[in-house]
Student: 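Could you have a look at this structure, given as structure tokens, before my questions?
Predicted model, so just to flag it, every value in this text is computed and none were measured.
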Amino acid sequence: HLVPNAVTYTALIDAYARTGNARRSEEILRQMIREDVSPTEVSYSCVMNAYAGNGDEICCMRIFQEMCQQQLDPTMTTYSIMMKCAAMSGDFAAAK
């Protein structure tokens, strides 16, 4: 019996995110948390990237804030995703 860890959950989150299925990638993140597996910055970034790709700045920001509340430090990748999301939604002031 295999028990998923942060790496396997994040791989699944990323797979859904790459297909543009942001909601499903977030569902997997929620399942990960329910199963007491701690998400990493990469886990959150994958979900954020999916929302950014869909132009959903509100959900992207919500996931970013949750990541910060979990005491995970944003990386250059995280900030890049936030800038992408702001630019795709037309919020060029926020992208600065």
Student: Going by the rule side chain to side chain contact (heavy atoms under 4.5 Å, CB included), which residues pair with Thr8 if we only count those two or more places apart in sequence or in a different chain?
Tutor: Pro4, Asn5

Student: With no hydrogens and no angle check, is any side-chain donor or acceptor of Thr10 less than 3.5 Å from a backbone partner on Ala6?
Tutor: yes

Student: Taking the side chain as every heavy atom from C-beta outward, state whether Met61 and Met82 have any pair of such atoms under 4.5 Å apart.
Tutor: yes

Student: Using the rule that two of Ile, Leu, Val, Met, Phe, Trp, Tyr join whenever any of their side-chain heavy atoms come within less than 4.5 Å, decide whether Tyr79 and Tyr44 are in one cluster.
Tutor: yes

Student: What heavy-atom pair brings Asn54 and Gly20 nearest, and what distance separates the two atoms?
Tutor: ND2-O, 3.2 Å

Student: List for me each residue that meets side chain to side chain contact (heavy atoms under 4.5 Å, CB included) alongside Gln31, sequence neighbours excluded, and say none if there are none.
Tutor: Tyr9, Ile28, Arg34, Glu35

Student: Please say yes or no: joined through hydrophobic side-chain contacts below 4.5 Å, possibly via intermediate residues, are Leu12 and Val42 part of one cluster?
Tutor: no

Student: Can you confirm whether Tyr51 sits close enough to Phe64 that some side-chain heavy atom of one is under 4.5 Å from a side-chain heavy atom of the other?
Tutor: no

Student: Taking only residues two or more places apart in sequence, or in another chain, which ones meet Ala52 in a side chain to side chain contact (heavy atoms under 4.5 Å, CB included)?
Tutor: Cys60, Ile81, Lys84, Cys85

Student: Indicate whether any N or O donor in one side chain lies under 3.5 Å from an N or O acceptor in the other, for Thr75 and Thr78.
Tutor: yes

Student: State the CE-CD distance between Met48 and Gln65, to the nearest 0.5 angstrom.
Tutor: 10.0 Å

Student: Which residues pass the salt bridge (Lys or Arg N to Asp or Glu O under 4.0 Å) test with Arg30, not counting sequence neighbours?
Tutor: Glu26, Glu66

Student: What's the spacing between Ser45 OG and Met67 CE if we round to 0.5 Å?
Tutor: 6.0 Å

Student: So which heavy atom on Ser25 is nearest to which on Ile13, and how close?
Tutor: CB-O, 3.5 Å

Student: Quick one: pull up CG in Asn49 and OG1 in Thr77 and give me the separation to the nearest 0.5 Å.
Tutor: 9.5 Å

Student: Determine the minimum heavy-atom distance between Ser38 and Met32, stating which atoms define it.
Tutor: O-CE, 3.7 Å

Student: With heavy-atom distances below 4.5 Å as the criterion, would you say the side chains of Cys59 and Arg23 are in contact?
Tutor: yes

Student: Glu41: what forms a salt bridge (Lys or Arg N to Asp or Glu O under 4.0 Å) with it, not counting sequence neighbours?
Tutor: none

Student: Run the side chain to side chain donor-acceptor pair (under 3.5 Å) test against Asp14 and tell me which residues pass, sequence neighbours left out.
Tutor: Arg18

